Chemist: 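What follows is a single structure, and I will ask about it in a moment.
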Amino acid sequence: MDAHFLPISRVRQVPSVAVVVDVMRAYTVAAWAFAQGAEKIVLAESTADALALTARHPGWVALKDGPPAPGFDLVNSPGLLRSADLSGRTVVQKTTAGTVGALAVKHAPLVLCAGFVVAEATARVLRAGGYDEVTFVVTGEDGRADEDLACAEYIAHRATGPDTTAATATGPATETAGTPGATIGPATDTTTAPGSTTDRATADRAAPYLRRAAASRAAVELATGIREGAHADDVALCLELDRFPFAMAATLEDGLMVLRPHTPH
């Protein structure tokens, strides 16, 4: 599998398969929304569009980055969302990078949205499809967000086979989103998430990637309170490897980009 890592600004052609990565926090939040019962997530073009959609559909709930705002029911925080009851609800999500990345590849035949919490499920979809080429859209910081690049690289490695080690190449990445961080030795702490089915070997392989994400600018800003609309547990929740057993696939439905959980076979 040839893996290409691109920032949103360099997505100029429609890829055959796109994996849109936003670890902190859009697609961690999306996964939690599904875990809390949401039926689907509509990825909005703008905050105005999000509010217009919820005005037309009074049962829908709106979610955005930053602090609480009039008209929005939720903020883009897994720590704050995990106590919400979203059973059967439609969530309209607008974020700075994650939703923008998915909309940039909305015409691709397959669009998966991912973070570490759904990494293995996403890799399983790619393995099952046997795709020759996959474009990873690294959404944060114009492709320089190391938490997103680390996650994209990890999923690409896992997609080549369940026993792939972190040092095994997946094929040439002819374009990169930035300078990939170097993988480093095994972690001393490879604790997995409470709901995770990740085994110890997988946790060990993922550890260098998770450490990169934990040291990223986004993680530091969340941990120090620079980013508004955050919970103290957000970083830890974003780094829960394979917390959920489903992948997330986005498709165009009646002109809207709609994200739904997808369980790989």
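As the structure is a prediction and not an experimental result, all values here were calculated from the model. Starting from 1, each residue takes its place in the sequence as its number.
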Chemist: If you take all heavy atoms of Tyr27 and Met248, which pair is closest and at what distance?
Modeler: O-CE, 3.3 Å
Chemist: Grab the two heavy atoms, one from Tyr131 and one from Leu110, that are nearest each other, plus how far apart they are.
Modeler: OH-CD2, 3.4 Å
Chemist: So, for Ala33 and Ile41, which heavy atoms are closest and what is the spacing to 0.1 Å?
Modeler: CB-CD1, 4.0 Å
Chemist: Just so I know, are the side chains of Arg217 and Arg144 near enough to count as touching, which here means a heavy-atom distance under 4.5 Å?
Modeler: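 They are not in contact (no side-chain heavy atoms under 4.5 Å apart), so the answer is no.
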Chemist: Could I get the full list of side-chain hydrogen bond (donor to acceptor under 3.5 Å, both in side chains) partners for Asp73, not counting sequence neighbours?
Modeler: none
Chemist: Give a yes or no on whether a salt bridge exists between Arg127 and Glu120, defined as a side-chain N under 4.0 angstrom from a carboxylate O.
Modeler: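 Salt bridge between Arg127 and Glu120, a charged N being under 4.0 Å from a carboxylate O: yes.
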Chemist: Of all residues at least two apart in sequence or in a different chain, which pass the side-chain contact (heavy atoms from CB on, under 4.5 Å) check with Ser87?
Modeler: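 By the side-chain contact (heavy atoms from CB on, under 4.5 Å) rule, Ser87 matches Asp85.
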Chemist: Taking all heavy atoms of Ala114 and all of Val19, pick out the closest pair and write down the distance.
Modeler: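 Result for this residue pair: CB-CG1, 4.1 Å.
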Chemist: For Arg82, does the CZ atom sit with more than 12 other heavy atoms under 6.0 Å from it, leaving out its own atoms?
Modeler: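 Above 12, so yes.
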Chemist: List the steps, then state whether side chain to side chain contact (heavy atoms under 4.5 Å, CB included) holds for Ser216 with Met24.
Modeler: CA-CA 10 Å; Ser216 67; Met24 296 185 188; 4.3 Å; yes
Chemist: Evaluate the side-chain proximity of Lys94 to Leu63: yes if any heavy-atom separation is below 4.5 Å, no if none is.
Modeler: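 No, side chains not in contact.
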Chemist: Which atoms form the tightest heavy-atom contact between Leu80 and Gly229, and what is the distance?
Modeler: CD1-O, 4.2 Å
Chemist: Same cluster for Val100 and Val92 if Ile/Leu/Val/Met/Phe/Trp/Tyr side chains link at under 4.5 Å?
Modeler: no
Chemist: Less than 4.5 Å apart, side chain to side chain, heavy atoms only: is that true for Thr95 and Val29?
Modeler: no
Chemist: Between Val11 and Ala104, what is the shortest heavy-atom contact and its length?
Modeler: CG1-O, 4.0 Å
Chemist: Examine Leu241 and Leu112 and state if one hydrophobic cluster contains both, with Ile, Leu, Val, Met, Phe, Trp and Tyr joined whenever side-chain heavy atoms are less than 4.5 Å apart.
Modeler: yes
Chemist: For residues 134-141, which side-chain N or O atoms pair as donor and acceptor with protein atoms under 3.5 Å away, sequence neighbours left out?
Modeler:
residue : atom : partner : partner atom : Å
Thr139  : OG1  : Val21   : O            : 2.7
Thr139  : OG1  : Asp148  : OD2          : 3.4

Chemist: In the structure I gave you, are the side-chain heavy atoms of Arg260 and Glu39 within less than 4.5 Å of one another anywhere?
Modeler: yes
Chemist: For the residue pair Tyr209 and His157, categorise the inter-ring angle as parallel (less than 30°), tilted (30 to 60°) or perpendicular (more than 60°).
Modeler: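 Tyr209 vs His157 ring planes: tilted.
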